Amino acid sequence: MMSMNEMGQNQARKGRSNLQALVMLFVLIGMFIVLSLLSPMFSRVGNVINIFKQTAINGILATGMACAILVGGFDMSVGSTVGLSGIIAALMATGGQEGLFLPVVCSVLAGLLVGVINGVAVAYMKVPAFVVTLGTQSIVRGLAYILSGGRPIFGVSESYEKIAGGLLFGKIPYLVIYYIVIALLMGFILQCTVYGRRMYAVGGNAEAARVSGINVEFIQMSAFAICGLMGGIAGMLSTSRTVSAAPLTGEGYELDAIASCVIGGFSMDGGAGKWYGMIIGALILSVMSNGLDILGVASYYQRILKGAIIIIIVLIDVRSKRKRT
Amino acid sequence: MYKTVLEMRNIWKSFSGNVVLRDVNFTVRLGEVHGILGENGAGKSTLMKILMGIYSKDSGTLLLDGEEVDIQSPKQALELGISMIHQELNPVLDLSIAENVFLGKEITKYGLVQYKEMQRQALEIIERVGLSVPTKQTMRGLSIAQMQQVEIAKALSWNAKVMIMDEPTASLTEREIDALFHIIRQMTEKGISVIYITHKIEELFRICNRVTVLRNGEYIATEEISETNRDHLISLMVGREIGEIYPKEDVDIGEVVLEVENLSVDNVLSDVSFYARKGEILGVAGLVGAGRSELMETIFGLRTPSSGQIRIHGEPISITSPRTALKNKMAFVTEDRKVTGLNLIAPLRENITLVTVRQFVENLRINKKKETDASNLYIDRLGIKTDSCESQVKDLSGGNQQKVVIAKWLLADPDIIIMDEPTRGIDVGAKRDIYLLMGELVKQGKTIILISSEMPEVLGMSDRLMVLSGGKVMGVLDRNKFEQQKIMDMQFGAVYH
């Protein structure tokens with residue numbers, strides 16, 4: 001029998017990850033208002049579009065990271081993947097090569113391949129995600145250096161440059177459109193499809209999912225594959241955006257992607273988090289750094305702030321869980 | 001004249017406005033075993049957590065040896081001589097027995113841990129509870145029963161006056177239970193009082209001197225065990241007369257549905273053969289380690305057999321994963337709902353449709369309206385108490401959680417339902433609901449395989465009873481040949497012909 005007490009707590013606890021995403025939405029709005037008051041530059045349309053543009057790459061990584069986190073893992077290698085696929089794209093889009101098919105497909109597939117390798121090692125070989133992805137982080141970064149000869153690659157073709165650099169209606173960068181499409185697609189997958197539901201089930205309790213006939217290993221592997229795929233897409237776009245690629249591009253991006261998910265209400269234990277949370281989380285990060293840039297705070301301090309925020313939010317999560325048991 | 005050790009007077013406690021303990025009174029005498037009985041949500045664990053300093057009471061008085069005490073933390077409770085042996089033991093598996101016994105009060109000299117001294121003292125203490133293993137050994141190598149003995153030893157090392165035991169026999173074999181009761185009696189002879197929480201009413205009569213009944217956060221009664229009986233305690237606990245405990249339905253038993261032939265799994269099962277028929281409840285008895293759960297896991301595709309054959313409706317099939325078992329219309333209500341049954345952080349709806357969610361897909365999308373309707377149908381049908389199908393499963397009581405697991409499988413409309421300990425750790429009311437449901441299911445022509453460690457339950461519900469011991473079938477008895485003593489002998493390895 002359920003006591004009155006249990007029912008009361010029920011309501012209070014219901015949909016905590018929704019709640020955190022909602023709270024963070026208010027935080028985002030609050031930050032926006034405060035920054036607008038502090039600096040008139042901030043709320044200009046140009047700057048707002050700029051914020052979205054700055055969010056896009058990290059936002060795309062966050063949609064992939066959300067999958068890995070949902071099934072109970074995370075991916076430390078995704079920043080290196082951005083670097084590798086960026087180099088691959090640049091190698092195929094420079095030196096007078098005008099074709100788009102080869103650089104786009106190869107760089108995206110390279111990311112997918114890294115994701116599949118991570119996924120197979122984690123899901124089927126049962127190596128802890130931290131170890132696997134820390135290892136591939138180094139391996140993939142090494143590959144990026146080898147392929148590029150350790151030097152940045154310049155001179156990306158004009159047509160390639162337009163992939164991310166083009167503007168819709170002369171105003172909205174394609175990059176922002178890609179991000180919105182990918183985020184909404186991921187939202188649909190997580191919220192509406194059986195596959196998405198199964199990611200939550202596997203992250204919530206893998207053993208119960210297994211007994212219920214779910215192919216747990218495949219779901220885990222594919223979540224890492226999606227994460228790698230997003231790394232590939234992000235690298236491909238990054239090369240277009242900066243019209244160049246450097247082997248160290250993407251260093252530390254995994255931290256931003258993880259931070260976006262955690263801020264947006266994804267639990268590092270897996271199985272909990274709403275799709276719009278990762279968007280809000282990614283926006284908060286870029287509003288924060290954009291605002292701090294405008295206010296003239298050096299980026300070194302921003303790094304400290306970012307790290308602290310992750311720890312604090314996970315701390316709040318852990319504490320609220322402890323209270324509930 | 002009895003000496004009172006512990007007295008809790010007029011205890012009130014509420015959580016966010018909901019009263020969970022209402023003016024509860026409770027006394028424990030020196031050297032007695034005092035049972036606490038109540039359904040889930042009756043307030044037993046809240047009361048104990050107040051005693052252990054995990055929760056603070058809203059009002060009321062706590063007297064220890066006649067002196068008022070205010071317990072603020074578990075550490076303080078331990079120092080005052082109150083210890084608790086939790087249902088789920090949580091030893092540090094990779095530390096030694098000695099380190100576990102002295103966890104939190106390591107013996108040190110100049111800031112250095114004195115391992116030799118700790119090992120010596122730990123050995124003295126564990127010998128007092130009848131355990132003789134080297135205390136250098138890590139916990140990992142111990143059985144559940146031995147770990148529990150270490151926990152008891154640990155409590156003794158704090159000079160416990162009052163020891164709370166929460167469902168201590170939940171994962172013990174019959175023989176281990178006897179050993180535990182022997183330890184309890186030895187402790188009480190030395191003047192230690194034991195507060196004994198259990199769902200197994202039979203146990204109260206074996207070990208307790210008195211029993212206090214709680215219901216809905218209220219104190220109902222304290223009874224001398226010698227002056228009460230089972231039915232009276234149940235009626236006190238549920239607040240109404242409960243009819244026959246095992247409502248066994250008369251069902252026409254049909255053809256053989258499931259046949260298992262010479263099934264073996266390395267080191268676990270050898271040459272297991274049995275069959276189950278339509279409309280039948282086949283009970284499976286055996287001690288922990290007899291291979292009951294392992295047998296079911298093999299049939300359900302969670303383990304790979306080394307040899308043997310499974311036939312369903314006469315067709316030989318090879319079940320290599322739970323998915324193939326599902327395709328063959330089997331369901332598996334597993335032993336531990338929290339570990340293998342539920343996604344606790346997901347809403348009821350997602351748990352209920354975990355197996356069958358594909359039924360609700362239209363154009364790639366899950367139709368949430370249909371999914372919600374189906375969930376609510378089963379919430380009503382099984383009497384699951386919740387405010388909404390969107391509530392998280394972890395907020396439900398054990399009985400309601402168990403019903404969610406069953407609902408999940410019923411939605412798949414299985415022919416063969418394996419139920420492994422379906423009533424473990426749930427209250428009498430929910431147990432009865434599950435028994436009634438089992439009757440309803442076999443009436444619909446389903447086959448149920450019931451595994452249970454509670455002898456009265458398998459005896460009460462089964463049409464036939466298969467007894468396993470050491471991974472082998474000791475025999476299969478028809479209902480008219482059920483004899484508790486014979487079954488006990490078979491569990492310990494006597495073959496029945």
Side-chain angles (χ1 to χ4, degrees), chain A residues 1-19 70-72 185 187-218 265-267 269-273 317 320-325, chain B residues 14-20 39-43 46 216-217 300 302 321-327 332 334 337-347 350-351 353-355 357-358 360-361 364-366 368 385-388 390-392 394-397 399-400 405 408-409 412 427 429-430:
Chain A
M1 220 193 71
M2 187 157 67
S3 70
M4 297 277 287
N5 164 47
E6 282 166 353
M7 275 200 255
Q9 287 172 344
N10 235 354
Q11 269 143 4
R13 292 172 195 167
K14 206 191 298 167
R16 215 183 46 81
S17 50
N18 296 16
L19 189 74
L70 259 189
V71 299
L185 187 67
F188 175 77
I189 290 172
L190 293 183
Q191 187 86 359
C192 302
T193 68
V194 171
Y195 176 71
R197 178 70 62 81
R198 294 200 160 158
M199 282 204 263
Y200 284 94
V202 167
N205 185 345
E207 285 317 303
R210 189 189 314 283
V211 173
S212 300
I214 292 172
N215 190 340
V216 171
E217 282 75 21
F218 176 75
F266 280 77
S267 158
D269 296 335
D317 187 49
S320 69
K321 259 178 212 146
R322 197 179 300 155
K323 242 178 258 166
R324 283 174 289 149
T325 47
Chain B
S14 54
F15 290 108
S16 49
N18 295 307
V19 180
V20 288
E39 297 192 90
N40 288 326
T46 311
N216 284 339
F300 204 70
L302 287 157
S321 71
R323 267 168 297 156
T324 40
L326 264 164
K327 278 198 195 101
F332 190 10
T334 44
R337 56 185 164 266
K338 286 187 180 164
V339 177
T340 53
L342 295 165
N343 180 359
L344 291 168
I345 57 172
E350 288 183 17
N351 274 283
T353 63
L354 186 62
V355 174
V357 67
R358 283 194 192 285
F360 306 100
V361 174
L364 284 175
R365 289 177 78 107
I366 299 167
K368 264 199 194 139
K385 289 191 184 90
T386 177
D387 47 350
S388 145
E390 298 302 322
S391 301
Q392 286 184 16
K394 68 166 186 286
D395 298 330
L396 300 183
S397 68
N400 284 310
V405 179
K408 169 177 86 174
W409 290 112
D427 59 68

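All values reported here derive from a predicted model rather than from experimental measurement. Each chain gets a letter, A, B and so on, in the order the sequences are listed, and its residues count up from 1.
Looking at A:R198, only its side chain comes within 4.5 Å of chain B, counting heavy atoms on both sides. Residue A:Y195: no heavy atom, backbone or side chain, is found under 4.5 Å from chain B. With a threshold of 4.5 angstrom between heavy atoms, B:T353 approaches chain A through side-chain atoms but not through N, CA, C or O. Heavy-atom distances place both the backbone and the side chain of B:V355 under 4.5 Å from chain A. With a 4.5 angstrom heavy-atom cutoff, B:S321 does not touch chain A via any of its atoms.
Highest contact tally toward chain A, considering only B:V361, B:L364, B:V339, is held by B:V339 [criterion: heavy-atom pairs under 4.5 Å].
With contacts defined as side-chain heavy-atom distances shorter than 4.5 Å, the pair B:F332/B:L326 does not qualify. Within the 4.5 Å cutoff, the side chain of B:L342 has no heavy atoms near those of the B:K408 side chain. Looking at heavy atoms from C-beta onward, B:I345 lies out of side-chain contact with A:Y200 at the 4.5 angstrom threshold.
The CG atom of B:N400 sits 11.5 Å away from the CG atom of B:D395 when rounded to the nearest 0.5 Å. Expressed to the nearest 0.5 Å, how far NZ of B:K394 lies from NZ of B:K338 amounts to 11.5 Å.
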